[in-house]
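Presented below is the structure to which this report refers.
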2 protein chains.
Amino acid sequence: MKQDKEHQILQAAEEMVRQGGYNSFSFRNIASAVGIKSSSVHYHFATKEALGVAVTKFYTDKFLDALGNPQELLEKGIDPVGKYVEAFRAELEDNKGMCMCGMLGAEAASLPENVVKEIRTFFKRNQNWLQEAYTSKGFKDKEASAKALQAMALLEGAMIISNTLSDLKIFDISTQALLD
Amino acid sequence: MKQDKEHQILQAAEEMVRQGGYNSFSFRNIASAVGIKSSSVHYHFATKEALGVAVTKFYTDKFLDALGNPQELLEKGIDPVGKYVEAFRAELEDNKGMCMCGMLGAEAASLPENVVKEIRTFFKRNQNWLQEAYTSKGFKDKEASAKALQAMALLEGAMIISNTLSDLKIFDISTQALLD
DNA sequence: GTCTATAATTTGATAGAC
DNA sequence: GTCTATCAAATTATAGAC
């Protein structure tokens with residue numbers, strides 16, 4: 001099934017990007033990870049840029065879908081910001097590596113423009129989500145927008161340092177203030 | 001002069017890593033940037049790993065030397081944390097790219113262990129510097145240590161997002177809280 | 001210290017059979 | 001959809017002349 005193989009390819013690509021970035025994986029790496037040949041990967045994604053665009057969209061949708069809706073969370077008695085922090089923390093566990101768009105965002109200056117566009121979409125959609133979360137907690141629009149940016153920045157940076165020092169406690173200490 | 005060429009090589013390598021990471025530059029890139037051949041780059045740094053270790057040390061020393069001593073800054077009436085924020089902000093300007101160790105830290109899972117060791121040293125020395133800054137401002141050791149981690153995380157993440165969206169204002173909004 | 005030349009491998013990508 | 005075969009280019013690295 002085509003759908004299935006493409007899904008496997010995207011998952012393999014996501015994993016590799018999260019460990020080492022855009023230039024750390026090859027079509028042959030992906031191919032052997034999903035049990036086909038590199039030419040077959042090209043059948044599904046003609047160029048590396050196309051695969052880069054696809055995997056970034058794939059990751060963005062998956063990440064936001066898993067979060068759900070901030071207001072609905074609040075109605076269920078769940079703090080949406082806490083849920084957001086937990087979503088990032090889960091990425092770090094089991095050595096899955098960085099937030100994929102944090103990694104790609106760092107490398108943005110050297111990536112194809114179409115890939116950069118998708119990374120920007122990730123951050124804009126995440127900022128919107130967090131802004132909604134903060135307004136639903138009672139903050140005014142402008143303050144909620146700033147708090148959304150600050151939370152994203154803190155979480156991306158906490159992942160970098162926790163990832164580098166291989167210590168999940170670093171992540172918890174760094175992001176503690178978001179949970180008050 | 002050997003010293004001079006090595007310095008040029010390290011500067012070129014730093015710039016390229018900050019734009020695209022460890023796998024985005026080659027010995028030929030470096031060579032043409034400094035006006036020699038790739039085999040001559042190998043004369044100065046035998047392997048890419050050796051160059052990676054050297055450029056990380058180079059960057060760490062340069063970054064911390066430029067900061068000076070936190071207590072002395074305070075005695076001169078300069079807020080050391082403000083100076084630290086400004087040091088990161090300056091890296092972002094003129095499209096120089098990411099903090100080099102933020103970039104490499106994200107890629108840590110795929111880098112040679114000797115390079116990772118140096119990235120860790122960067123973060124540990126920076127945490128010490130910031131901890132000293134916060135204790136000199138009156139915080140107790142444990143709280144100062146946590147605040148140091150939080151500040152580093154916020155700054156690294158703010159760089160990623162500001163870099164991705166090509167908007168320095170993002171950095172300023174994200175890091176505003178550090179300047180209060 | 002820098003060069004030319006080259007080795008061995010990997011890379012993104014394509015052509016064409018099945 | 002997947003394969004084999006192949007290409008042109010790029011990669012890290014080395015040998016040896018100057």
Side-chain angles (χ1 to χ4, degrees), chain A residues 1-56 58 103-104 107-116 118, chain B residues 1-56 58 103-104 107-116 118:
Chain A
M1 301 99 209
K2 189 188 165 190
Q3 303 295 50
D4 203 61
K5 267 292 179 233
E6 285 192 0
H7 190 260
Q8 287 176 49
I9 290 168
L10 291 170
Q11 280 196 299
E14 179 196 320
E15 190 179 330
M16 290 174 196
V17 171
R18 284 172 60 182
Q19 308 267 345
Y22 189 80
N23 295 305
S24 78
F25 77 92
S26 70
F27 276 75
R28 279 173 178 78
N29 294 155
I30 304 278
S32 76
V34 307
I36 57 179
K37 296 292 175 181
S38 71
S39 55
S40 300
V41 179
H42 276 285
Y43 169 80
H44 294 286
F45 302 97
T47 64
K48 188 166 185 179
E49 177 173 344
L51 176 52
V53 168
V55 75
T56 309
F58 170 74
M103 175 75 80
L104 293 176
E107 298 173 326
S110 74
L111 299 182
E113 187 54 38
N114 286 329
V115 178
V116 176
E118 294 304 324
Chain B
M1 299 108 201
K2 187 188 166 191
Q3 303 295 52
D4 203 62
K5 267 293 178 233
E6 285 191 0
H7 190 260
Q8 287 176 49
I9 291 168
L10 291 170
Q11 280 196 297
E14 179 197 320
E15 189 179 329
M16 292 175 194
V17 172
R18 284 172 59 182
Q19 307 268 348
Y22 189 80
N23 293 306
S24 77
F25 77 92
S26 71
F27 276 74
R28 276 177 178 76
N29 294 154
I30 303 279
S32 76
V34 307
I36 56 178
K37 296 291 174 182
S38 70
S39 54
S40 301
V41 179
H42 277 285
Y43 168 81
H44 296 285
F45 302 96
T47 64
K48 189 167 185 180
E49 178 173 343
L51 176 52
V53 168
V55 75
T56 309
F58 170 74
M103 174 75 80
L104 293 177
E107 299 173 326
S110 74
L111 299 181
E113 187 54 39
N114 286 328
V115 178
V116 176
E118 293 304 325

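Quick caveat: nothing in here was measured; it's all calculated off a predicted structure.
A distance of 10.5 Å separates CD in B/Gln19 from CD in B/Glu14, rounded to the nearest 0.5 Å. Annotation: the span from A/Glu118 atom CD to A/Glu113 atom CD amounts to 11.0 Å, rounded to 0.5 Å. Atom CG of A/Leu10 sits about 6.5 Å away from atom CG of A/Leu51, to the nearest 0.5 Å.
Look at B/His44 and you'll find a side-chain N or O under 4.0 angstrom from OP1 or OP2 of C/dT2. For the pair A/Lys37 and D/dT2, the criterion of a side-chain N or O lying under 4.0 Å from OP1 or OP2 is not met.
Atom pair A/Lys48:NZ and C/dT11:P shows a separation of 9 Å (rounding to whole Å applied). One interatomic measurement links the two molecules: CE of A/Met16 to C1' of C/dT11, which rounds to 15 Å at whole-angstrom precision. Protein atom CD1 of B/Ile30 is 13 Å distant from nucleotide atom P of D/dA13, rounded to whole Å. Between the P atom of D/dA13 and the CG atom of B/Leu51 lies a distance of 10 Å, rounded to the nearest Å. Computed from coordinates, the B/Lys5 NZ to C/dC3 C1' distance equals 14 Å when rounded to whole Å. Separating the CG atom of A/Asn23 from the P atom of C/dG12 is a distance of 9 Å, rounded to the nearest angstrom. Protein atom CZ of A/Arg28 is 14 Å distant from nucleotide atom P of D/dC7, rounded to whole Å. In this entry the distance linking CZ of B/Phe27 with P of C/dT2 reads 14 Å, nearest Å.
For A/Ile36, whose side chain is taken as the heavy atoms from C-beta onward, the closest listed nucleotide among D/dT14, D/dC3, C/dA13 is D/dC3. Nearest to the side chain of B/Asn29, among C/dA13, D/dT11, D/dT14, sits D/dT11. When distances are taken from the side chain of B/Ser39 to each of C/dC3, C/dA13, C/dT14, the shortest belongs to C/dC3. Nearest to the side-chain atoms of A/Ser26 among the listed nucleotides C/dG12, C/dA13, D/dA13 stands C/dG12.
Using a 4.0 Å heavy-atom distance criterion, A/Phe45 is classed as making no nucleic acid contact. At the heavy-atom level, A/Ser40 lies under 4.0 Å from base atoms of the strands shown.
Remark: A/Lys48 qualifies as a cation-pi partner of A/Phe25 under the 6.0 Å distance and 45° angle criteria applied to the six-membered ring.
Taking the six-membered ring where tryptophan is involved, the planes of A/His7 and A/Phe58 are perpendicular, since the angle between them exceeds 60° and thus also 30°.
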